[in-house]
Amino acid sequence: MPSLTFDNRFRHELPGDPEPRNFVRSVRGACWSDVLPTPVDAPRLLACSPEAAALLGLAADDLRAPDMVAVLAGNALLPGMQPWATCYGGHQFGHWAGQLGDGRAISLGEAMGAGGQRLELQLKGAGPTPYARRADGRAVLRSSLREFLCSEAMHHLGVPTTRALSLVASGETVLRDMFYDGRPAAEPGAIVCRVAPSFTRFGHFELLAARQDLALLERLVDFTIDRDFPALRDVPPARRRAAWFAEVCARTAVLMAHWLRVGFVHGVMNTDNMSILGLTIDYGPYGWIDDFDPQWTPNTTDLPGRRYCFARQPDVARWNLERLADALRPLFPDDDALTGGIAAYDAAWSSAARAVFAAKFGWRDWRSGDETLVGEAFDLLHAAEVDMTLFFRRLADVDLAAPTPETLASACYHPPQRHAAAFSDWLRRYALRTAQEHRPPAARREAMNRANPCYVPRNYLAQQAIEHAEAGDTTFLEALLDTLRHPYDEQPARARFAALRPEWARSRPGCSMLSCSS
Ligand code: AMP
Ligand code: MG
């Protein structure tokens, strides 16, 4: 058995719920509740991440050992593990929802990583907790595979994210009404073991503030700063909380710039799904932009208002930070720290967005006038139905001395003729602007290809991985994940994973839209 050292500071330094039994309830005056994973019938390891294992000083083979698979399934514990579920609330789709909490996430322990960093191990789908409300605490294979795959893909893309160690089939079925049409079906269940330095969410603070438990709010803030933001230890105590809030704001801004850079849409940016560390967290009905559409949302529940569509994410993040600021208000003598934090968001967003878009378009810095060129490009991508990922890879190939829309043809879902004149005009101006960089073509191409991935876990690819895995074959998932380990490198043997979304996937469930039923 691999040996890991756990210190479980969240449990030891924050108050726990005195009730040891596992039933659904409102939990007050506590940040966590004791709960054990519910064992499953026949766990089978479907996939694991050697890179996430290495963080813990483990090899992939350590995870494949039957004793360890039992741990990753919730059927056994390692020495030092003391499972708990945490209490949080949140604003869902703009409305305060009260207590939510880890309904199907169970933290096993906080391990000390191979590099001395803290790595909390958390099972998702390992059975109900006191926060399960009316649900079963389980997760279906399709959603677990999507979380596993995307967590690791995001890491390789350089986007801050919680990680995924393993994907284990439970050998049991789970009942889900996938289409919300009143016809629930039995689906295979699975459990993901997630890894992050902290799973604390904005909602943890919001719930304590909503209940006016200011003493505990203050404790949680100071605990979070001490455990999760060690760099702030040097800030004088009187300014530390303000510096922390500004840091949370700045990290969130950087995360939004990354999401826009790679074409990721979270789909459920409720405040309970916002990480205090600025990590992508809680992969549900997320999606990736294929044909560029700023209004696209992958989440069927989000369709009426498109609150969480691609282009709105930076504004929603800011709104969510304002809700966090509301929660923290009682801890500050006046509003200066909070307005300062939101201003830090605005500043960090505008500099991160400029840096990201300059890099995507092949510019070393952002100049006046670039905004127009970038805005026009996105309008054109939308109007002409151009694939976002492929567009930027092809743009790197454009000959600045003789730009032609033909270079972009393979990124288009329709023959580009109808928009050829507009593309020619735009490319001419783009070439003039870009030539000012005086970069050799190969250097420009290489720099652009480092900002613009060639491979992303497109929705239809994840769906194919799911269909194969449900039929007992994980080779597609393995090949896809293997390709996504080097998302910026052209891999000729894996060209099929860089292709335009095929026509059959345009409106197929799982490939175009997803429900929250997971
Ligand atoms: P989400 O929007 O999926 O992040 O989840 C919102 C809330 O619902 C969280 O408190 C989750 O823990 C809870 N939840 C979602 N699915 C389940 C489930 N199958 N069992 C228990 N709780 C769940
Ligand atoms: Mg959630």
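In each ligand, atom 1 is the first atom listed, and ligand 1 is the first ligand listed.
Ring centroids of F205 and Y88 are separated by 6.0 Å or more, keeping the two rings apart. Two rings, from F497 and F476, have their centers less than 6.0 Å apart.
Here the straight-line distance linking atom CG of L481 with atom CD of E152 works out to 7.0 Å at 0.5 Å rounding.
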**OP:** Please test R9 against D226 for salt bridge (charged side-chain N to carboxylate O under 4.0 Å, His left out), starting from the C-alpha separation and ending with a verdict.
**Re:** CA-CA 11 Å; R9 284 185 64 185; D226 190 59; 2.7 Å; yes
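Within the protein, the N, O or S atoms lying under 2.8 Å from the Mg ion (ligand 2) are N273 OD1, D282 OD2.
The heavy-atom pair separating L216 from A30 by the smallest distance is CD2-N, 3.7 Å.
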What does the contact table look like for ligand 1 (nitrogen or oxygen on each side, cut-off under 3.5 Å)?
| unit_1 | atom_1 | unit_2 | atom_2 | d |
| --- | --- | --- | --- | --- |
| ligand 1 | 4 (O) | N273 | OD1 | 3.0 |
| ligand 1 | 4 (O) | N273 | ND2 | 3.4 |
| ligand 1 | 4 (O) | D282 | OD2 | 3.3 |
| ligand 1 | 8 (O) | R133 | NH2 | 2.6 |
| ligand 1 | 10 (O) | G101 | O | 2.6 |
| ligand 1 | 12 (O) | G101 | O | 3.2 |
| ligand 1 | 12 (O) | G103 | N | 2.8 |
| ligand 1 | 16 (N) | R104 | NE | 3.2 |
| ligand 1 | 19 (N) | D136 | OD1 | 3.1 |
| ligand 1 | 19 (N) | R138 | O | 3.2 |
| ligand 1 | 19 (N) | R176 | NH2 | 3.3 |
| ligand 1 | 20 (N) | G137 | N | 2.8 |

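Salt-bridge annotation for R118 and E110: present, with a side-chain N of the basic residue lying under 4.0 Å from a carboxylate O of the acidic one. Taking a cutoff of 4.0 Å between a charged side-chain nitrogen and a carboxylate oxygen, D17 and R25 qualify as a salt bridge.
When side chains are defined from C-beta on, H204 does not count as touching F199, because their heavy atoms never get closer than 4.5 Å.
Within a 6.0 Å sphere centred on CZ of R44, other residues, nucleotides and ligands contribute 12 heavy atoms or fewer.
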